[in-house]
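Notes follow the structure.
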2 protein chains.
Amino acid sequence: MWKAEIKVLLKQSVLDPQGQAVEKALGSLGYGNVEDVRIGKYLEVTVAGADRAAAEAQVHEMCERLLTNTVIEDYTFELVEV
Amino acid sequence: MWKAEIKVLLKQSVLDPQGQAVEKALGSLGYGNVEDVRIGKYLEVTVAGADRAAAEAQVHEMCERLLTNTVIEDYTFELVEV
């Protein structure tokens, strides 16, 4: 069995108002040295099956089809055997 | 300068309806071998300053005070020098 740890962030070219709002809030809490904040999704998807390459291909496919909006988002993931 | 890669997930004891909905959707797309889906937040926070220990302590503090709801969420993070 494999667990995919998927990180999804807005593409660099896309404005991140949520990140900017949190950056401002951290500044008002006294964290003036915060240079940048980006906010996205984190998913853990566990898939049955022994073959690593098959699991990797499947996770890519699920990301492209459902889990991310590839027009405005980028994703990366790591596979961990569980 | 340090970049914190922060993963935030609901505690195991807390129901994750979003994760369940996505798991069902993946099943209906034909991915019947998906055993579990958990969905949370991913944040990248860049802080100025040279000292790793100070950056680590600050990121913990920011997570506890603003970035996560520690009643229902757990967080982990990695620090990367940038």
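Quick note on labels: first sequence line is chain A, next is B, and so on, each numbered from 1.
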ask   = Same hydrophobic cluster for A:Y42 and B:I39, using side-chain heavy-atom links shorter than 4.5 Å among ILVMFWY?
value = no

key: Inter-chain contacts: residues 65-82 of chain A against chain B, heavy atoms under 4.5 Å   = A:R65, A:L66, A:L67

ask   = Is there a path from A:L29 to B:I6 through hydrophobic residues (I, L, V, M, F, W, Y) whose side chains come within less than 4.5 Å of each other?
value = yes

task = Would you indicate whether B:K11, at its atom NZ, is surrounded by more than 12 heavy atoms from other residues, nucleotides or ligands within a distance under 6.0 Å?
result = yes

query = Going only through I, L, V, M, F, W and Y residues with side-chain contacts under 4.5 Å, is there a path from A:V8 to A:V37?
reply = no

message = I'd like to know if the side chain of A:N33 and the backbone of B:A48 have a donor-acceptor N/O pair within less than 3.5 Å.
response = yes

request  = Could you tell me whether B:K7 and A:E5 make a salt bridge, using a distance below 4.0 angstrom between a side-chain N and a carboxylate O?
outcome  = yes

ask   = Looking at side-chain heavy atoms only, is the closest gap between A:Q58 and B:V34 below 4.5 Å?
value = yes

task = Output the option from A:L9, A:L43, A:D36, A:L26 having the highest count of non-hydrogen pairs under 4.5 Å with chain B.
result = A:D36

